[in-house]
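The block underneath contains the structure these notes are about, expressed in structure tokens.
These numbers come from the heavy atoms of this one structure, side chains and all, not from hydrogens, waters or symmetry mates. Within every chain, numbering begins at 1; the chains are lettered A, B, ... in the order of the sequence lines, protein sequences first and strands thereafter.
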There are 2 protein chains.
Amino acid sequence: MKTKPSKCPGLPAPAALARLAAVLRLLAHPDRLRIVGRLERGGAAPVHELMADLGQAQGALSQHLNHMKRAGLVQADRRGKEVWYSVADRRAVKVLHCMCCKKETK
Amino acid sequence: MKTKPSKCPGLPAPAALARLAAVLRLLAHPDRLRIVGRLERGGAAPVHELMADLGQAQGALSQHLNHMKRAGLVQADRRGKEVWYSVADRRAVKVLHCMCCKKETK
DNA sequence: TCAAAGTATCATGATAATATAATATGTCAA
DNA sequence: TTGACATATTATATTATCATGATACTTTGA
């Protein structure tokens, strides 16, 4: 075990930091933030439903989902013709919540 | 008042979402993440100290700080020749902490 | 006023991200 | 097997971001 530090134990090593930054880069897009929010509150959903709920174009939405899937932020489940997506990495919704807080909140 | 919802009350409006995304985009860079981490743990510091601690080039560091300042993530305080920077928006460190968590952490 | 330390800004070429439209793939039912 | 629905992939033009080096600004003490 690693001495269980309180928060961030120093900072992650460069390689890990780069991965964190990459994940944040994925979250740093309005459409993708909305996808995370929708999946969190509405639960898993097939692409066409996300398309309807979020008003995003099929191709673009599919790409966003694909990127997020590669990064492990969401996961995909085929059910017949549909592919249902859901949040796979809670950090995504945590970050979203953090960002929704008032700036001054500790 | 807006009924004080528990977490994210629906999602922020498009304009607000775009701002959130912009802030996240700023955090989504290894060097800037390290700046936030350094400022959090070490407190305020003048640029040349950050330069030494983080091993970042002067011009680049200055630009990072400037971008973060514009977004309100950090604040600058001139003290003589030096300019001391500190965290101005707790969301920056909160996001950093979120990201440092294990993926499975609720 | 000068010099030098400390920061900030600018210019630019390289790389990455984005939007969009078109096309391809997979699945099921008839 | 065909058609149609659901999703994925590709191509590409555009824009944004990054790293780097050069230059400008600001402050202080001599």
[X] [atom1] to [N] [atom2], straight-line distance once rounded to whole Å:
{"X": "A:H48", "N": "D:dA4", "atom1": "NE2", "atom2": "P", "answer": "18 Å"}
{"X": "A:R79", "N": "C:dC28", "atom1": "CZ", "atom2": "P", "answer": "14 Å"}
{"X": "B:D77", "N": "C:dA8", "atom1": "CG", "atom2": "P", "answer": "12 Å"}
{"X": "B:H29", "N": "D:dA16", "atom1": "NE2", "atom2": "C1'", "answer": "13 Å"}
{"X": "B:H67", "N": "C:dA8", "atom1": "NE2", "atom2": "C1'", "answer": "12 Å"}
{"X": "B:L61", "N": "D:dA19", "atom1": "CG", "atom2": "P", "answer": "12 Å"}
{"X": "B:D31", "N": "D:dC18", "atom1": "CG", "atom2": "P", "answer": "9 Å"}
{"X": "B:L50", "N": "C:dA8", "atom1": "CG", "atom2": "P", "answer": "10 Å"}

Item checked: A:R78 or A:H64, whichever maps to the more 5' nucleotide of DNA chain C -> A:H64

Checklist line | Nearest-nucleotide 5' precedence on DNA chain C, B:V47 against B:Q63 | finding: B:V47

Next item on the list: Could you pick out which residue, A:R25 or A:K81, lies toward the 5' side of DNA chain D when each is mapped onto its nearest nucleotide?
Entry: A:K81

Next item on the list: For the pair A:E40 and A:K94, find out whether any cationic side-chain nitrogen is under 4.0 Å from an anionic carboxylate oxygen.
Entry: no

Check: Would you say a side-chain N or O of B:Y85 is under 4.0 Å from OP1 or OP2 of C:dG6?
Finding: no

Margin query: So B:R32, base contact, sugar-phosphate only, or nothing? Heavy-atom distance under 4.0 Å.
Written below: sugar-phosphate

Margin query: For the backbone of B:L26 and the side chain of B:R32, can you confirm whether one donor and one acceptor N or O come within less than 3.5 Å of each other?
Written below: yes

Note to self: Can a donor-acceptor pair be found, under 3.5 Å and without considering hydrogens, that links the side chain of A:R91 to the backbone of B:M99?
What the structure shows: yes

Next item on the list: Give the minimum heavy-atom separation between B:L39 and B:A45, together with the two atoms involved.
Entry: CD2-N, 4.3 Å

